[in-house]
Amino acid sequence: MQIRLLRGLKQGETGEIVKVNSGGELGRRIRDMGLIPGASVRMEGPAPLNDPVAIRVHSFTLTLRNNEADFIEVAVEDRK
Amino acid sequence: MSAHLIALAGNPNAGKTSLFNTITGARQHVANYPGVTVERKEGFYKQNGHELHLVDLPGTYSLTAYSMEELVARNVLVSERPRAVVNIVDASNIERNLYLTVQLLELGIPIIIALNMVDVAEGRGIEIDADALSARLDAPVIPTVARSGKGREELMEAAIAIAENRAGRSPLRISYGADIDPVLAKMENSITAAAFLTDFHPPRWTAIKYMESDEEIIKKGRSANPSLSSRLEKMVRQVTDHLQRTLDAYPEAVIADHRYGFISALLKSGVMRRKHDADRLYLSDKLDRVLTNRFFGPLIMAAAVYLLYLFSFSMSEIPVAWLENGFAALSGFVETTMPPGHLRSLITSGIIDGVGGILGFVPIIIFMFMGIAFLEDSGYLARAAFMLDRVFRVFGLHGNSFMAFILGGGIAGGCAVPAVMATRTLRSSKERIATILTVPFMNCGAKLPVFALLIAAFFQENEAQMMFLITMLSWGIALFVAKLLRSTILQGPSMPFLLELPPYRLPTFRGLLIHTWERAWMYVRKAGTTLLAVSILLWALMNFPELPEAETMMFQQQRENIVSALPEDMREKALAGKVEEGDSSTEFNDVAGELHKIDHAEAQASLRWSAAGRVGTALESVTQWCGFDWRTNVALVGGFAAKEVVVSTLGTAYSLGEVDPEDDASLSDLLARDPAWNPLVAFTLIVFSMIYTPCVVSVVCLAKEAGGWKWGVFSMIFNTTAAFLIAIAVYQCGRLLGIGT
């Protein structure tokens, strides 16, 4: 089990959100979208210019900028 | 019996608009909420003698006070007190959708849940037990498919039943954990005791909003009861400190966690079952693999934009021609039935030409709106924003700015009005104002005739290259100005991106039509009212004061001198300008040609003598620095009504009489031969007309959308000043380099 920033997920990799480090409007937006501790996210991949990134959370696709994704920490199962 | 007010609430992309359309049909009314650019849609519905008055709230994910949309939605719920709320919940995405439901329930308004897209959910192996959900939330739950209208009657029946029953309901109470609950209880007691804001919302809700540091509610509380408000704020501060120390979290985060906890517990208690893996790829995801692919994505996007242009221009060609012919026929009719004079001139040159010129754009705009509605409803627009956000962010803009620039003429031939309206997807933000203010730099369809004229006259060998250069230049200027604005008067952090990519859907034809109609009608209304006034004003400026009698007499004298060369019986005909086949002897033609010249000389003289001409002449002291004489100045002043007027006014000023903007071959020849003109002047004029004040319709629309007349005035002054400075720089540098001298 390792903790990484959401941006650090590889395409197709899945993790569980452990922490959202942002307050204010961005923090609220992130939570409104269901990005809360315990939620499972899968990295769908970056936009053609590598930013923003698309992720899958609950049952929908959400895109957010890299610097926004950096507020979110995810726990990823270690690969054997 | 008056109609019961029912509000429609739901997440964006949950199918709220489709549902609203199937319920109300064409009986809709769209307006803006006062002071903000959030659309307010209303409609009526009748069933079994009951009438419902529906108001479609803006689509929101939550009910905080961060965005205009959420504030508006909340204010309707709190102050207009609808009898019930129909909450549209996307069954295929139920977890996040119920987050809004929970907040609605906390507000204590009776709700009916429309469990929408049950078909999609089923296809994805998600089974939702509507009865169980209804029992858990103590609210009717009606499965619906908004696109087909399935479940509409049952839903409305439930809404009527709830609206008729005045019992109301008690607000939902969720536990927010051991740290927050006790404080909330204390706050609630004080609030109830003091009847603090209880006319508007339930006591516990007010307490929760204080806990979430909701600026709007705290402001309202401070003015209602300052001492209690500061006590409440103090309690919140204590909890916040405690939570910060122990959990490193803010109360609002803890509250959100518990709301989601409530939802997931509810779903797990037999409400929802997943038949297969949630991570399975569906058609929409597979499409995204290609459509947002690093390599194919941008290519397909370019193709989509190209098709949008192709569609709107080819589809509108025929109706545009009809409109143009129609207005020409109308003009002709007035000319044959009315005696010559001021009134006739006002009606033909002022009203019909002015308003007709703008209404002629309506078909293009309708098809553009339709194309954009298709891209928007299908879900593709969100992908375009996703792919381009990185580029636009460099200039302080947003991925969603893209479509506005394209509609404004980012490639060639759009219109700033639909473009400005398309910025609504940016919600209320500084990026939006920056986009609105820079979109008019794009090369709209009305600037194209101006460019075409000048290119034909001076850059005939490099037509394509010039057009490309012009397009690049306008993008460069727009993005540069955007950056400038965002680092000066529109400074501030960028709006969070966080954009949902909804599953691709085939838009319904009915939805497209309603969407298109709403926006097109808004354009026609604006163009019709404002433009009429401005065309009349411009007409007056260009026709008054009239030439002194002595001069008119002089022209008349010249005419008579020429006509005297003709035999008696033909003089009248020649003076009246009636040329018939049989009359066209060489002699007669020569005379007619001479008469034409005199007419034009007189037209030019009277234009120069008119108020507009005097303004143009007065402006020469400034515009000489960029090489424009009074005639160009008058044309540019006229261009404020609509940019293509520049061409027709130049025509008059260069004594060509009526010049058709589409057929400018003769005018361009004339300019090419005129000693006052050279490629440098032409290029300077191209640059100037690209940048200077948006046309009047755009200014009106821009002021409305940006939220105030100050922005309208700003864009007129700023753009014109910038245009002057850049034009002077271009002209003077050009002269230094020895071009065109």
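Just so you know, these numbers come straight off a predicted model, no measurement behind them. Reminder, nothing fancy here: chain letters follow the sequence lines and each chain counts from 1. Reckoned from all heavy atoms, side chains included, excluding hydrogens, waters and symmetry mates.
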Side chain / backbone / both / neither for [X] at chain B, heavy atoms under 4.5 Å:
X       : result
A:Asn66 : neither
A:Val53 : backbone
A:Glu25 : both
A:Ala54 : both
A:Ile30 : both

Would you compute the distance between atom NE2 of A:His58 and atom OH of B:Tyr260 and round it to the nearest 0.5 angstrom?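 It comes to 5.0 Å.
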As an exercise, state the distance from NE2 of B:His258 to CD1 of A:Ile36, rounded to the nearest 0.5 Å.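 Taking NE2 in B:His258 and CD1 in A:Ile36, the distance rounds to 10.5 Å.
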Mind running side-chain contact (heavy atoms from CB on, under 4.5 Å) on B:Glu500 and A:Thr63 for me, showing each step along the way? CA-CA 6 Å; B:Glu500 184 187 354; A:Thr63 62; over 6 Å; no
Between the side chains of [Y] and [X], is the shortest nitrogen-to-carboxylate-oxygen separation below 4.0 Å, so that they form an ion pair?
X        : Y       : answer
B:Asp257 : A:Arg31 : no
B:Arg96  : A:Asp32 : no
A:Arg29  : B:Glu70 : yes

With chain B, which of [options] has the greatest number of heavy-atom pairs at distances under 4.5 Å?
options                   : answer
A:Gly27, A:Ala69, A:Ala47 : A:Ala47
A:Val57, A:Asp51, A:Leu64 : A:Asp51
A:Gly34, A:Gly38, A:Pro52 : A:Pro52

Evaluate the side-chain proximity of [Y] to [X]: yes if any heavy-atom separation is below 4.5 Å, no if none is.
X        : Y        : value
A:Leu49  : B:Val391 : yes
A:Arg56  : B:Asp285 : yes
B:Leu498 : A:Glu68  : yes
B:Asp389 : A:Arg65  : yes
A:Ser59  : B:Arg274 : yes

With a 4.5 Å heavy-atom cut-off (strictly below), which parts of residues 292-301 of chain B touch chain A? List them by number.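 Interface residues of residues 292-301 of chain B: B:Thr292, B:Asn293, B:Arg294, B:Pro298.
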If you take all heavy atoms of A:Gly45 and B:Phe386, which pair is closest and at what distance?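 Residues A:Gly45 and B:Phe386, closest heavy atoms: O-CZ, 4.2 Å.
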